[in-house]
Protein chains: 2
Amino acid sequence: MTEREPSRALAHPEPADIRLEGVLHALSDPVRLVIVRELAGTGVELSCSYFELPVTKSTTTHHFRVLREAGVVRQTYRGTAKMNGLRRAELDGLFPGLLDSVLTAADAEAARLGAPSARPA
Amino acid sequence: MTEREPSRALAHPEPADIRLEGVLHALSDPVRLVIVRELAGTGVELSCSYFELPVTKSTTTHHFRVLREAGVVRQTYRGTAKMNGLRRAELDGLFPGLLDSVLTAADAEAARLGAPSARPA
DNA sequence: CCGGTCATACGACGTTCGTCGTACCATGGA
DNA sequence: TCCATGGTACGACGAACGTCGTATGACCGG
């Protein structure tokens, strides 16, 4: 709840605490899937404000938190910005091939549905 | 033909209507994940009553319905029983490798958590 | 025909989810 | 110092979810 600590630190689940169900659930939301695809596509850390999502800032914060608590992304403060990076190594170690196949599937579906975004040419 | 039409037909989404988000959501429930793992492990069609799930019959029906409507399983009546089979071909065609990696991940997690009902092929 | 078995439908209930708005805090620069 | 920028916390709300119990329907074997 109310942390009076420096609190500029964010809690991340350790690999042993990451649950497949949680990851799948995190990935089952369209907005979050867009975030993950973009993160994977660029391969670098991106700030929350980098993303242009069809939701408000509050909701964006919420989605990033869900991703972080599921163990999908790692968030670190960098000045006023909060950078987000995919936890690829941990995820691949825990669930080999899962992230890649989800990403591939998302690309395939986007192409199938004629969605243009999230594809860094 | 000697093919007998099932008295009650069940609606299944066509491959083109299967959504990745829907599949991931269907797979993100522990009970449904158990069902899918068992279906994949045996490789044959299983009746609803075959499964020993920690929920009532009503809830079991509900979960099978979610899986069917997401396009994960195919259900066909066979007498009073309803047989359930994984839609492997369709899923693999739509999202190559996805099902396998989820299944592998589920096995890995089950082993990691000390699962009792793991199903080594 | 009649009962038994397998599964469904429907309604209910509490929980979680996705969304928003508003108020607030933390950092960095003018 | 003060303010602009980037993000958070909290509360609210409707919708969807997972669960159950009971009543009902479909099929098979006597």
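Per chain, numbering begins at 1; letters A, B, ... match sequence-line order. These values consider heavy atoms only, across backbone and side chains, with no hydrogens, waters or symmetry-generated copies.
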>> Is there a path of hydrophobic side-chain contacts, each under 4.5 Å between heavy atoms of I/L/V/M/F/W/Y residues, joining B:Val44 to B:Leu39?
In response: yes

> Among C:dG21, D:dG21, C:dA7, which nucleotide sits nearest the side chain of B:Cys48?
Replying inline: C:dA7

> From D:dG7, C:dA7, C:dG21, pick the nucleotide closest to the side chain of A:Tyr77?
Replying inline: D:dG7

>> What is the distance, to the nearest angstrom, from the CE atom on A:Met83 to the P atom on C:dT27?
In response: 17 Å

> To the side chain of A:Thr56, which of D:dT19, C:dG21, C:dG18 is closest?
Replying inline: C:dG21

> Under 4.0 Å between a Lys/Arg side-chain N and an Asp/Glu carboxylate O for B:Arg74 and B:Glu90?
Replying inline: yes

>> Rounded to whole Å, please give me the gap between CG in B:Leu53 and P in C:dA7.
In response: 12 Å

>> When you measure from the side chain of B:His12 to the backbone of B:Gln75, do you find a donor-acceptor pair of N or O atoms at a distance under 3.5 Å?
In response: yes

> Quick one: is B:Thr59 getting a side-chain N or O under 4.0 Å of the D:dC20 phosphate, OP1 or OP2?
Replying inline: yes

>> If I take atom CD in residue A:Glu21 and atom P in nucleotide D:dC17, what distance separates them, rounded to the nearest angstrom?
In response: 18 Å

> Counting only non-hydrogen atoms, which of residues 60-71 of chain B are less than 4.0 Å from DNA chain D?
Replying inline: B:His62, B:His63

> Roughly, in whole Å, what's the span from CG in B:Asn84 to P in C:dC6?
Replying inline: 14 Å

>> Please confirm whether the shortest side-chain N or O distance from A:Thr80 to OP1 or OP2 of C:dA26 is below 4.0 Å.
In response: no

> B:Leu94 versus B:Leu20: any side-chain heavy-atom pair under 4.5 Å?
Replying inline: no

> Can you check the A:Glu45 CD to D:dG7 C1' distance for me, whole Å?
Replying inline: 16 Å

> Can you name the closest pair of heavy atoms from B:Gly71 and B:Leu91 and give their distance?
Replying inline: O-CD1, 3.7 Å

>> In this structure, how many angstroms lie between the C1' atom of C:dT15 and the CG atom of B:Asp29, rounded?
In response: 14 Å

> To the nearest angstrom, how far is A:Ile35 atom CD1 from D:dG7 atom P?
Replying inline: 12 Å

> B:Ser49 near the nucleic acid: base, sugar-phosphate alone, or nothing, with a heavy-atom cut-off under 4.0 Å?
Replying inline: sugar-phosphate

> Between D:dG7 atom P and A:Leu10 atom CG, what is the distance in whole Å?
Replying inline: 12 Å

> Nearest to the side chain of A:Lys57, which nucleotide is it out of C:dA7, D:dT19, D:dG6?
Replying inline: D:dG6

> If we only count heavy atoms from C-beta on, is the B:Asp29 to A:Glu21 side-chain gap below 4.5 Å?
Replying inline: no

> Should the pair A:Asp107-A:Arg112 be classified as a salt bridge under the 4.0 Å nitrogen-to-oxygen rule?
Replying inline: no

>> Is there a salt bridge (charged side-chain N to carboxylate O under 4.0 Å, His left out) between B:Arg88 and B:Asp100? Walk through the geometry before answering.
In response: CA-CA 9 Å; B:Arg88 247 197 190 285; B:Asp100 280 333; 3.2 Å; yes

Restricting to nitrogen or oxygen on both sides, can you table the protein-nucleotides 22-24 of chain D pairs closer than 3.5 Å?
residue: D:dT22; atom: O4; partner: B:Ser58; partner atom: OG; Å: 3.2

>> For a quick check of understanding: with a heavy-atom distance under 4.0 Å over all strands, which category does A:Arg32 fall into, base, sugar-phosphate or nothing?
In response: sugar-phosphate

>> When you measure from the side chain of A:Asn84 to the backbone of A:Glu45, do you find a donor-acceptor pair of N or O atoms at a distance under 3.5 Å?
In response: no

> If you measure only the distance, is there a donor-acceptor pair under 3.5 Å linking the side chains of B:Thr61 and B:Ser58?
Replying inline: no

